[in-house]
Trainee: 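Below is the structure I would like to discuss, written out as structure tokens.
Computed from heavy atoms alone, side chains included, the values below leave out hydrogens, waters and symmetry copies. Model, not experiment: these values are computed from the prediction. Protein chains get the first letters and strands the later ones, always in sequence-line order, with residue 1 at the start of each.
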Amino acid sequence: MSQVYIENLNEHEGKEVTVKGWVYNRRSSGRIQFVMVRDGTGIVQGVVVKAEVTPDVFALVEELTQESSVVVKGIVRSDDRAPGGYELTITDLELVQLAEDYPITPKEHGTEFLMDHRHLWLRSRRQHAILRVRHEIIKAIRDFFYERDFVLIDTPILTPAACEGTTTLFETDYFDDQAFLAQSGQLYLEAAAMAFGRVYCFGPTFRAEKSKTRRHLMEFWMLEPEVAYADHEDNMRLQEDLVSFIVQRVLKHRRAELQMLERDISRLEKVVVPFPRISYDEAIERLQKAGVEIEWGADFGGGDETILAEQFDRPVFVHRYPTSIKAFYMKPDPERPEVVLCDDLLAPEGYGEIIGGSQRIDEPELLKQRMIEHDLAEETYAWYLDLRRYGSVPHSGFGLGLERTVAWICGLPHVRETIPFPRLINRLYP
RNA sequence: UCCUCGGUAGCUCAACGGUAGAGCACCCGGCUGUUAACCGGGUGGUUGUUGGUUCGAAUCCAACCCGGGGAGCCA
């Protein structure tokens, strides 16, 4: 008799199976005991009746502590009284290890305590639901780009210099030289786009900003596609296609997890193309109309983004920001050089910016000029300028923050639960 | 870095100038269908740290440490 996973128990009704897992909780009532067993795929209630097992097994079950590891034999029965619809009438139980007092009890805990025990917190149902949605989103992203014949290009994590000069980088020693942890793969990806046409990278990204908000991690995962010969409009279409594809996929495959998280699914069902597009100019007008004191030329704060996003029922593009507040590589609008061909995609319900994208400068002279303006060392970026010397073409790309996307789709108030081991400003443990 | 809220039992919290408490966890006992089971009993405290005010401080004051939320910055 081989191991059966709890998520497949319905295929074994009436049969005796072996489940290998951990004790989630235990209740007793004299001559009958209920042991909740989880195995990573689900939770099932085991019923131990004193008259139906050996005295040794019954006594052993009485000793079981939360999270003790056990191998359970039992008969699968359908029962309306059981959480999940199926339960296991236990015939035998083998203790693998008796767990010490488990810190995370079935009662409430504070965030600090749970974060200190993140390695154990991952065993809880809520964390399972979130991380399975994350898993589904990652799979959706990879499928989306595979189906569209993009090539995955892994960009380096150790880099010699900043991508966008303003951001703080984690510094490290590189054989007595200086190196930084990558804050973006974009520049390398532009090189790859000139080689392969349609490419993307998807990996960890590091920012040493002393940010302390619900939207920031020091280490987060970013998806960055880059497409040769794509202009700003093509870029936004790719973004909305991707985001709606991700949402549809999660709705299709992870509905149970969303329900466990008590996510308002109707809000997600509205996320279909096309997404509304408003210019930065229009966004400023909308904010001023809403009573926000903001002038043309200023960047938006988190609150401003929320006000804008609340005016729509699906993610909204804000495009053509002032050149002065955006990155050096963004291409100015030929008809209005004071703005660049860029876009931010703001998620609904106050989740803020999940994508930032732009068409890139393809003229060598302008790019060189911008790099001088931004005090970027020419020798460090010589290779990047080469891309404009040898067959330069219009091209565009964007970056999608995975954790913000997971937080939005799951309806979580904070990004820290969207990654297995979050790196926050004051947390490097566990 | 700044603003704001908080730190009391292993955990979640109460007591807000006058003997430091409850629920859960844990230990003992009871219960044949429990659903964060329930019922009875028990163990468990340098009230974040240091100093001050007071007859008396968890409580009031100051500094510091740690954490939550927010700002800036960004995905």
Side-chain angles (χ1 to χ4, degrees), chain A residues 24-36 43-52 58 62-63 65-67 77 79-84 87 89 99-117 120-121 124-125 163-169 183-186 202 204-224 239 298-306 325-327 344-347 350-357 398-408 413-416 418-419 424-427:
Chain A
Y24 196 80
N25 196 6
R26 190 181 65 86
R27 292 178 283 273
S28 78
S29 181
R31 295 189 186 84
I32 187 166
Q33 299 187 70
F34 302 92
V35 190
M36 303 297 289
I43 296 181
V44 67
Q45 171 165 276
V47 183
V48 188
V49 180
K50 195 169 190 176
E52 296 176 16
F58 196 81
E62 283 185 318
E63 298 300 313
T65 53
Q66 194 185 349
E67 288 302 320
R77 296 194 200 283
D79 193 317
D80 292 340
R81 292 171 296 187
E87 64 179 22
T89 303
E100 296 175 31
D101 280 0
Y102 192 66
I104 301 177
T105 65
K107 288 280 178 178
E108 311 160 18
H109 299 282
T111 310
E112 185 189 358
F113 178 82
L114 289 169
M115 276 297 169
D116 282 340
H117 297 84
L120 304 176
W121 190 17
S124 75
R125 294 194 233 214
C163 163
E164 299 167 41
T166 54
T167 312
T168 323
L169 301 173
Q183 58 152 332
S184 167
Q186 184 200 312
F202 192 6
T205 307
F206 307 88
R207 305 229 173 140
E209 294 158 357
K210 294 193 174 172
S211 301
K212 198 182 166 188
T213 81
R214 61 178 69 202
R215 301 183 303 279
H216 286 87
L217 295 167
M218 302 303 111
E219 175 183 317
F220 65 99
W221 284 63
M222 185 157 66
L223 161 77
E224 294 176 278
Q239 292 166 43
D299 208 350
F300 304 133
D304 303 329
E305 290 178 351
T306 301
I325 57 171
K326 285 294 178 180
D344 282 358
L345 183 66
L346 307 181
Y351 284 93
E353 184 183 347
I354 56 171
I355 284 180
F398 63 92
L400 175 142
L402 177 65
E403 286 75 18
R404 287 186 183 178
T405 304
V406 176
W408 162 50
H414 200 297
V415 291
R416 66 189 154 206
T418 64
I419 186 166
L424 300 162
I425 187 156
N426 286 325
R427 178 168 297 280

Trainee: What is the distance, rounded to the nearest whole Å, between atom CD of Glu305(A) and atom P of rG72(B)?
Mentor: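 Those two atoms, CD and P, are 9 Å apart.
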
Trainee: Quick one: on RNA chain B, does Leu424(A) or Asp304(A) contact a more 5' nucleotide (nearest heavy atom)?
Mentor: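 Closer to the 5' end of RNA chain B: Leu424(A).
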
Trainee: Mind checking Thr205(A) for me? I need base, sugar-phosphate or nothing, with any heavy atom below 4.0 Å counting as a touch.
Mentor: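 Answer is nothing: Thr205(A) stays at 4.0 Å or more from every strand.
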
Trainee: For the backbone of Ile419(A) and the side chain of Glu403(A), can you confirm whether one donor and one acceptor N or O come within less than 3.5 Å of each other?
Mentor: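 No, because the side chain of Glu403(A) does not come within donor-acceptor range (under 3.5 Å) of the backbone of Ile419(A).
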
Trainee: Considering only side-chain heavy atoms of Glu112(A), which listed nucleotide, rC66(B), rA71(B), rG33(B), is closest?
Mentor: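 So the nucleotide nearest the side chain must be rC66(B).
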
Trainee: Look at the side chain of Thr205(A) and the backbone N and O of Ser184(A), then say whether any donor-acceptor pair between them is shorter than 3.5 Å.
Mentor: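 Side chain of Thr205(A) to backbone of Ser184(A): no pair is present.
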
Trainee: Roughly how far apart, to the nearest Å, are rC11(B) and rC5(B) at atom P?
Mentor: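 Pairwise P distance, rC11(B) against rC5(B), rounds to 25 Å.
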
Trainee: Any idea which of rU32(B), rG72(B), rG69(B) is nearest the His414(A) side chain?
Mentor: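 Ranking rU32(B), rG72(B), rG69(B) by closest atom to the His414(A) side chain puts rG69(B) first.
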
Trainee: What integer number of Å spans the C1' atoms of rC65(B) and rA14(B)?
Mentor: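 Between the two C1' atoms, the distance is 25 Å.
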
Trainee: What does Leu217(A) touch in the nucleic acid at a heavy-atom separation under 4.0 angstrom: a base, only the sugar-phosphate, or nothing?
Mentor: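 Base contact.
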
Trainee: Nearest whole Å is fine: how far is rA71(B) P from Phe300(A) CZ?
Mentor: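 To the nearest whole Å, that distance equals 15 Å.
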
Trainee: Write down the distance between CD1 (Ile325(A)) and P (rC74(B)), rounded to a whole number of angstrom.
Mentor: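 That distance rounds to 9 Å.
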
Trainee: Mind checking if Asp344(A) touches a base, just sugar-phosphate, or nothing, with heavy atoms under 4.0 Å?
Mentor: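 If one applies the 4.0 Å heavy-atom cut-off, Asp344(A) turns out to touch nothing in the nucleic acid.
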
Trainee: When we call it a touch if two heavy atoms are under 4.0 Å apart, what does Gly301(A) touch: a base, just sugar-phosphate, or nothing?
Mentor: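 Sugar-phosphate only.
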
Trainee: Ring-on-base stacking between Phe34(A) and rG33(B), under 5.5 Å between centres and under 30° between planes: is it there?
Mentor: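 No, aromatic ring not over the base.
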
Trainee: Expressed as a whole number of Å, how far does the P atom of rC38(B) sit from that of rU1(B)?
Mentor: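 The answer is 46 Å between these two P atoms.
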
Trainee: Can you tell me, in whole Å, how much space there is between the C1' of rG41(B) and that of rU34(B)?
Mentor: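 rG41(B) and rU34(B) have their C1' atoms separated by 23 Å.
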
Trainee: Taking Arg215(A)'s backbone N and O only, do any of them form a donor-acceptor pair with Thr213(A)'s side chain (distance below 3.5 Å, no angle check)?
Mentor: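 Such a contact is found between Thr213(A) side chain and Arg215(A) backbone.
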
Trainee: Just to be sure I understand the rule, does Glu87(A) reach a base, reach only the sugar-phosphate, or reach nothing, if contact means heavy atoms closer than 4.0 Å?
Mentor: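 Base, at least one base atom sits under 4.0 Å.
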
Trainee: State plainly whether the residues Lys326(A) and Asp299(A) are in salt-bridge range, i.e. N to O under 4.0 Å.
Mentor: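 Looking at Asp299(A) together with Lys326(A), the answer is no, because their closest N to O distance does not fall below 4.0 Å.
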
Trainee: What is the pairing partner of rA71(B), taking Watson-Crick or G-U wobble pairs with both distances under 3.5 Å in any strand?
Mentor: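 The answer is rU1(B), by the H-bond criterion.
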
Trainee: Can you tell me the distance, in whole Å, between the CG atom of Leu114(A) and the P atom of rG10(B)?
Mentor: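 One finds 17 Å between P of rG10(B) and CG of Leu114(A), rounded.
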
Trainee: Per the atom types in the model, does the base of rC11(B) pair as donor or acceptor with the side chain of Thr105(A) at under 3.5 Å?
Mentor: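 There is none.
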
Trainee: Which one is paired to rU54(B), where only Watson-Crick or G-U wobble pairs with both distances under 3.5 angstrom count?
Mentor: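 No nucleotide pairs with rU54(B).
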
Trainee: Mind calculating the distance between CD1 (Ile425(A)) and P (rG69(B)) to the nearest angstrom?
Mentor: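 These atoms are roughly 12 Å apart.
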
Trainee: Which nucleotide, rA75(B), rA71(B), rG33(B), lies nearest any side-chain atom of Arg215(A)?
Mentor: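 The nucleotide sitting nearest to the side chain is rA71(B).
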
Trainee: Would you indicate what Lys210(A) reaches in the nucleic acid, counting non-hydrogen atoms under 4.0 angstrom: base, sugar-phosphate, or nothing?
Mentor: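 Base contact - Lys210(A) has a heavy atom under 4.0 Å of at least one base atom.
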
Trainee: Under 3.5 Å, is there any donor-acceptor pair linking the side chain of Arg27(A) to the base of rC31(B)?
Mentor: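 In this structure, the two groups form no donor-acceptor pair.
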
Trainee: Under 4.0 Å from OP1 or OP2 of rG69(B): is there any side-chain N or O of Arg416(A) that close?
Mentor: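 Answer is yes, contact under 4.0 Å.
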
Trainee: Does Asn426(A) put a side-chain nitrogen or oxygen below 4.0 Å from OP1 or OP2 of rC66(B)?
Mentor: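 For rC66(B), OP1/OP2 do not have a side-chain N/O of Asn426(A) under 4.0 Å.
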
Trainee: Only pairs with both distances under 3.5 Å count, Watson-Crick or wobble alike; so what is the partner of rA63(B) in this structure?
Mentor: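 Answer to the pairing question: rU49(B), which forms a Watson-Crick or G-U pair with rA63(B).
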
Trainee: Can you tell me the pairing partner of rC38(B) across any strand shown, Watson-Crick or G-U wobble, with both distances under 3.5 angstrom?
Mentor: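 Result: rG30(B).
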
Trainee: Check the distance between rA75(B)'s P and Phe206(A)'s CZ and give it to me in whole angstrom.
Mentor: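 After rounding, the gap between these two atoms is 16 Å.
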
Trainee: Whether the side chain of His109(A) and the base of rC11(B) hold a donor-acceptor pair under 3.5 Å is what I'd like checked.
Mentor: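 For His109(A), whose side chain was compared with the base of rC11(B), there is no donor-acceptor pair (under 3.5 Å).
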
Trainee: For rG44(B), give the paired nucleotide (Watson-Crick: N1-N3 plus N6-O4 or O6-N4; G-U: N1-O2 and O6-N3; both under 3.5 Å), or none.
Mentor: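 Answer to the pairing question: none, since rG44(B) forms no Watson-Crick or G-U pair.
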
Trainee: Report the distance from atom CG of Asp116(A) to atom P of rG67(B), rounded to the nearest whole Å.
Mentor: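 Interatomic distance, CG of Asp116(A) to P of rG67(B): 9 Å.
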
Trainee: With a non-hydrogen cut-off below 4.0 angstrom, is Thr111(A) in contact with a base, only sugar-phosphate, or nothing?
Mentor: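 Here Thr111(A) touches no strand at all.
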
Trainee: Provide, to the nearest angstrom, the distance between the CZ atom belonging to Arg26(A) and the P atom belonging to rG33(B).
Mentor: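 For the pair Arg26(A) CZ and rG33(B) P, the rounded distance is 16 Å.
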
Trainee: Would you say the side-chain atoms of Glu224(A) pair up with the backbone N or O of Gly399(A), donor to acceptor, closer than 3.5 Å?
Mentor: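 Side chain of Glu224(A) to backbone of Gly399(A), a donor-acceptor pair under 3.5 Å: no, none is there.
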
Trainee: Ignoring hydrogens and angles, answer whether the base of rU34(B) and the side-chain atoms of Gln33(A) contain a donor-acceptor pair closer than 3.5 Å.
Mentor: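 There is none.
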
Trainee: If each of Phe113(A) and Glu403(A) is mapped to the nucleotide of RNA chain B with the nearest heavy atom, which maps nearer the 5' terminus, i.e. the 5' end?
Mentor: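 First, find each residue's nearest nucleotide; the 5'-ward one identifies Phe113(A).
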
Trainee: Less than 3.5 Å between a donor and an acceptor, one on the side chain of Ser29(A) and one on the base of rC38(B), is that the case here?
Mentor: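 In this structure, the two groups form no donor-acceptor pair.
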
Trainee: From rG33(B), rC74(B), rG69(B), pick the nucleotide closest to the side chain of Ile32(A)?
Mentor: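 My answer, after comparing the listed nucleotides, is rG33(B).
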
Trainee: Across all strands, who's sitting opposite rC24(B) as a Watson-Crick or G-U wobble pair, both distances under 3.5 Å?
Mentor: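 Pair assignment: rC24(B) / rG10(B).
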
Trainee: Hey, could you give me the NZ/CG distance between Lys210(A) and Asn426(A), rounded to the nearest 0.5 Å?
Mentor: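 That separation rounds to 10.0 Å.
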
Trainee: Report yes if some heavy atom in the side chain of Thr89(A) is under 4.5 Å from a heavy atom in the side chain of Val49(A); otherwise report no.
Mentor: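 In short, these two side chains do not touch, never coming nearer than 4.5 Å.
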
Trainee: Taking the side chain as C-beta and beyond, is there a heavy-atom pair between Tyr24(A) and Gln66(A) under 4.5 Å?
Mentor: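 They are not in contact (no side-chain heavy atoms under 4.5 Å apart), so the answer is no.
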
Trainee: Suppose you measure atom P in rG21(B) against the same atom in rA9(B); what distance do you get, rounded to whole Å?
Mentor: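 Per the computed distance, 14 Å lies between those P atoms.
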
Trainee: Would you say rU32(B) has OP1 or OP2 under 4.0 Å from some side-chain N or O of Arg31(A)?
Mentor: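 So the side chain of Arg31(A) is within the cut-off, an N or O lying under 4.0 Å from OP1 or OP2 of rU32(B).
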
Trainee: Please give the distance between the P atoms of rG56(B) and rC24(B) as a whole number of Å.
Mentor: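 My reading of the P atoms in rG56(B) and rC24(B) gives 39 Å.
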
Trainee: Looking at side-chain heavy atoms only, is the closest gap between Glu209(A) and Met218(A) below 4.5 Å?
Mentor: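 SC-SC contact between Glu209(A) and Met218(A) ruled out.
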
Trainee: Determine the interatomic distance between C1' on rU8(B) and the same-named atom on rU47(B); round to the nearest Å.
Mentor: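 Straight-line distance between the two C1' atoms is 4 Å.
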
Trainee: Provide the distance between the two C1' atoms, one in rG45(B) and one in rA15(B), to the nearest whole Å.
Mentor: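 About 14 Å, rounded to a whole number of Å.
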
